[in-house]
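Down below is the structure, laid out as structure tokens.
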Protein chains: 4
Amino acid sequence: MDKRKKIISAAIAIFSKKGIEKTTISDIVDQAGIGQGTFYLYFSSKMALMPAIAEVLVEKMHGDLVKQIKPATLAEQMDEIIKVMFAFTKTYKDLNKLMYSGLTQTEHIKDWETIYAPVYQWMEELLASHQQAGSLREDLNVRYIAKILIGMIEAAAEQNYLFYDQDPALIAEYRNELKKFVNYAMAANS
Amino acid sequence: MDKRKKIISAAIAIFSKKGIEKTTISDIVDQAGIGQGTFYLYFSSKMALMPAIAEVLVEKMHGDLVKQIKPATLAEQMDEIIKVMFAFTKTYKDLNKLMYSGLTQTEHIKDWETIYAPVYQWMEELLASHQQAGSLREDLNVRYIAKILIGMIEAAAEQNYLFYDQDPALIAEYRNELKKFVNYAMAANS
Amino acid sequence: MDKRKKIISAAIAIFSKKGIEKTTISDIVDQAGIGQGTFYLYFSSKMALMPAIAEVLVEKMHGDLVKQIKPATLAEQMDEIIKVMFAFTKTYKDLNKLMYSGLTQTEHIKDWETIYAPVYQWMEELLASHQQAGSLREDLNVRYIAKILIGMIEAAAEQNYLFYDQDPALIAEYRNELKKFVNYAMAANS
Amino acid sequence: MDKRKKIISAAIAIFSKKGIEKTTISDIVDQAGIGQGTFYLYFSSKMALMPAIAEVLVEKMHGDLVKQIKPATLAEQMDEIIKVMFAFTKTYKDLNKLMYSGLTQTEHIKDWETIYAPVYQWMEELLASHQQAGSLREDLNVRYIAKILIGMIEAAAEQNYLFYDQDPALIAEYRNELKKFVNYAMAANS
DNA sequence: GATGAATGAGCGTTCATTCAT
DNA sequence: GATGAATGAACGCTCATTCAT
């Protein structure tokens with residue numbers, strides 16, 4: 001693994017454990033097993049790591065979605081998407097927090113949309129195919145709906161996993177309502 | 001104004017301008033016009049301010065909602081809610097960022113739900129009245145829908161205002177899709 | 001109990017527990033149950049407490065000696081004196097440390113001899129009586145021997161109790177040697 | 001001279017001049033001619049210097065003893081030992097104070113015995129040789145007597161030099177009594 | 001390229017001291 | 001006399017950054 005990758009992995013590990021603010025460059029280089037100065041050959045500051053980390057994460061989520069979402073009805077696919085994104089949020093909850101914190105606290109915010117683009121793109125295409133198949137309301141603009149859906153599912157997942165340890169039974173109820181809501185909103189025949 | 005209030009106001013002002021990480025306690029006490037040590041009589045650290053700030057902000061949003069949302073049809077009210085929340089996000093975009101960063105980076109995450117409770121409560125009651133009036137789908141659980149709605153609208157607003165300066169025309173389009181989406185999801189007769 | 005006494009007692013308690021340097025005036029006034037400012041009505045600083053504390057301690061040791069040392073042979077009395085001083089050092093080991101630290105770090109060092117005077121005086125008289133009785137070597141100057149004895153017994157006790165928790169069996173051996181040593185040094189017929 | 005040594009020397013110099021409590025890390029690094037942060041690469045705090053300083057001092061005293069004490073009768077050697085230790089206490093009286101204050105105020109007390117070990121060892125061997133030669137009472141345990149002697153001579157020296165400026169004539173008298181006392185205690189034929 | 005000892009500006013934090021009540 | 005909220009100077013300490021090796 002090259003040094004750059006080592007730094008990113010190390011940073012993800014430490015940020016997850018200690019939070020961004022309490023993590024020092026020293027922590028990162030120790031974890032990465034490289035010298036102090038070496039860090040600066042690859043990144044100009046702690047915050048400059050954020051886009052790289054965000055990219056890794058979003059690629060991971062994109063990969064999960066692509067892998068898990070099989071051809072099926074719109075409702076079934078939305079069900080599965082919600083499942084994948086909830087699972088992802090749960091697994092990487094600490095990193096989700098720091099993606100928000102990290103990206104928002106710097107000028108790297110601009111990179112956000114670029115990083116997210118593949119996921120939006122993927123969702124847009126999925127919705128477009130359903131619209132062509134007549135299973136998604138005709139008058140919805142899939143470009144915007146893709147972003148709305150991703151935003152709302154993430155928000156829902158965060159409400160359940162980020163802020164405190166919700167009772168799994170209540171999460172199931174929540175998810176069920178979310179699915180109904182989404183299905184009513186989109187299904188051509190609802 | 002008591003010292004505690006002064007500190008919170010000062011912190012909101014400086015955090016908005018410089019970001020959390022770059023803000024020093026010194027900045028805050030200077031702005032507040034109090035002594036260095038006085039800060040520590042009220043807050044144990046910079047991050048301990050976050051819940052207090054979040055509370056102020058959420059109260060503000062709650063106030064805006066209560067003030068702006070007049071009796072009307074569900075669709076009209078949702079339209080207005082989206083308008084208010086988009087406006088709020090736009091106005092306080094820096095503070096929104098820091099609420100995320102600030103609360104998520106500390107143990108104060110737990111306070112989040114408590115702070116948000118009044119807004120959820122207000123939305124839930126609004127939805128319940130529509131359900132009684134027959135204008136909201138019978139089978140939706142208003143408790144969860146309230147949280148889903150607030151989460152999704154905030155996410156949508158953040159996508160438009162937080163990450164970069166979106167073209168207002170595109171924002172209008174986005175909002176329009178959002179309204180359609182929400183209306184389809186909820187309106188009894190859609 | 002008047003405020004001054006309260007302060008001294010509180011200071012002894014806290015100094016023993018936390019050490020001088022880590023003790024704050026705040027700690028002392030809290031323990032004493034008085035106001036911040038009140039401290040300054042009685043003492044000008046933390047270190048100004050030291051002579052008062054030393055006085056309390058030395059009076060205590062003097063009292064123990066006077067109470068415990070009964071008429072007896074010189075050897076028996078020395079045995080008892082060693083016992084009392086070892087016990088005293090053990091019980092008040094933290095305070096002994098701080099008497100050294102406290103007094104030596106200030107201009108109050110000068111007070112030391114004055115504070116100790118009664119103990120030296122008492123020992124001198126004890127030795128003088130033995131000299132008159134012929135049980136203490138004629139040619140020893142009791143004025144100096146009194147100070148030497150007190151110094152050496154304290155030093156011995158400190159070696160055993162102050163620096164680490166010595167095995168009681170070894171302490172007993174040590175004390176036995178000390179008694180022999182002292183007896184050889186002083187007893188007219190050794 | 002390496003940085004660690006520089007720090008110790010600087011600390012000894014400043015502590016002697018200003019006392020421990022009034023000395024700041026800043027003072028030390030200025031005197032040592034190193035950067036603020038460098039201090040912390042070698043010592044974790046001001047108090048963590050104490051064992052290192054004590055070691056330097058005790059080594060110095062040990063060196064003085066080894067150098068000055070020539071083969072001679074027990075009485076002559078004890079005379080010389082007292083002379084050396086009094087001189088040492090006089091020269092380094094400020095440092096003696098701070099060794100007490102410094103070591104006793106921290107967890108480093110435990111190190112004390114280790115630091116003193118070489119001196120105790122040296123004294124023990126000296127006494128043992130006299131015992132073999134028949135010039136020291138047979139029944140004294142040299143291991144304990146070594147510690148007793150060093151403790152008592154130091155205590156005596158401190159009584160004369162540490163607490164106030166004693167009249168030299170009186171010090172001479174004191175020392176004379178001390179020699180007599182020690183000689184009576186130990187000499188085989190007294 | 002890689003290192004890590006050294007740096008020192010700058011931060012959070014403490015706490016003795018004051019003074020209006 | 002007694003108080004304790006408020007102060008702010010001053011300290012310990014951190015840690016991003018550099019640079020000689």
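Every chain is numbered from 1 and lettered A, B, ... according to where its sequence line falls, protein lines coming before strand lines.
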Go ahead and write out DNA chain F as dot-bracket, 5' to 3': ( ) for pairs within the strand, [ ] for ones crossing earlier pairs, | when the partner sits on another strand, dots for unpaired; Watson-Crick or G-U wobble, both distances under 3.5 Å. .||||||||||||||||||||
Would you mind telling me which residue lines up with the more 5' stretch of DNA chain E, Ser45(C) or Thr24(B), judged by nearest nucleotide? Thr24(B)
Whole-Å distance between dT14(F) P and Asp30(A) CG? 15 Å
Just jot down the ring pair (Phe, Tyr, Trp, His ring centres under 6.0 Å) partners of Phe88(C), sequence neighbours excluded, or say none. Tyr92(C)
Please report, rounded to the nearest Å, how far the C1' atom of dA16(F) is from the CG atom of Leu49(A). 13 Å
How close do Ile20(A) and Phe15(A) get, counting heavy atoms only, and between which atoms? CA-CD2, 3.7 Å
Toward the 5' end of DNA chain F, by each residue's nearest nucleotide, Thr23(A) or Ile25(D): Ile25(D)
Rounded to the Å, how far apart are Tyr40(B) OH and dA16(E) P? 17 Å
Within the structure provided, determine whether Lys3(B) and Phe39(B) are in side-chain contact (heavy-atom separation under 4.5 Å). no
Rounded to whole Å, the CG-C1' distance (Asp2(C) to dG1(F)) equals 13 Å
In this structure, how many angstroms lie between the P atom of dC15(F) and the NZ atom of Lys22(A), rounded? 10 Å
Sub-3.5 Å donor-acceptor pair from the side chain of Thr38(B) to the main-chain atoms of Ile34(B), do we have one? no
What is the separation between atom CD on Glu21(D) and atom P on dG12(F), rounded to the nearest whole Å? 11 Å
Do any N or O atoms from the side chain of Lys46(C) and from the backbone of Thr23(C) form a donor-acceptor pair under 3.5 angstrom? yes
For Ile7(B) and dT13(E), give me the distance from atom CD1 to atom P, rounded to whole Å. 14 Å
Provide the closest heavy-atom pair for Ala10(A) versus Ile28(A) in the form atom of the first, atom of the second, distance. CB-O, 3.6 Å
Reading nucleotides 2-9 of chain E 5' to 3', which nucleotides get B (base under 4.0 Å from a protein heavy atom), which S (sugar-phosphate only), which -? SBBBBBBB
State, without any angle test, whether Ser26(C) and Gln36(C) hold a side-chain donor-acceptor pair at a distance under 3.5 Å. yes
Looking only at atom types and distance, does a side-chain atom of Asp27(C) sit under 3.5 Å from a main-chain N or O of Thr24(C), one as donor and one as acceptor? yes
Please report the distance, rounded to the nearest Å, between NZ in Lys18(A) and P in dT14(F). 11 Å
Nearest heavy-atom neighbours spanning Val29(D) and Gly35(D): CG1-O, 3.8 Å
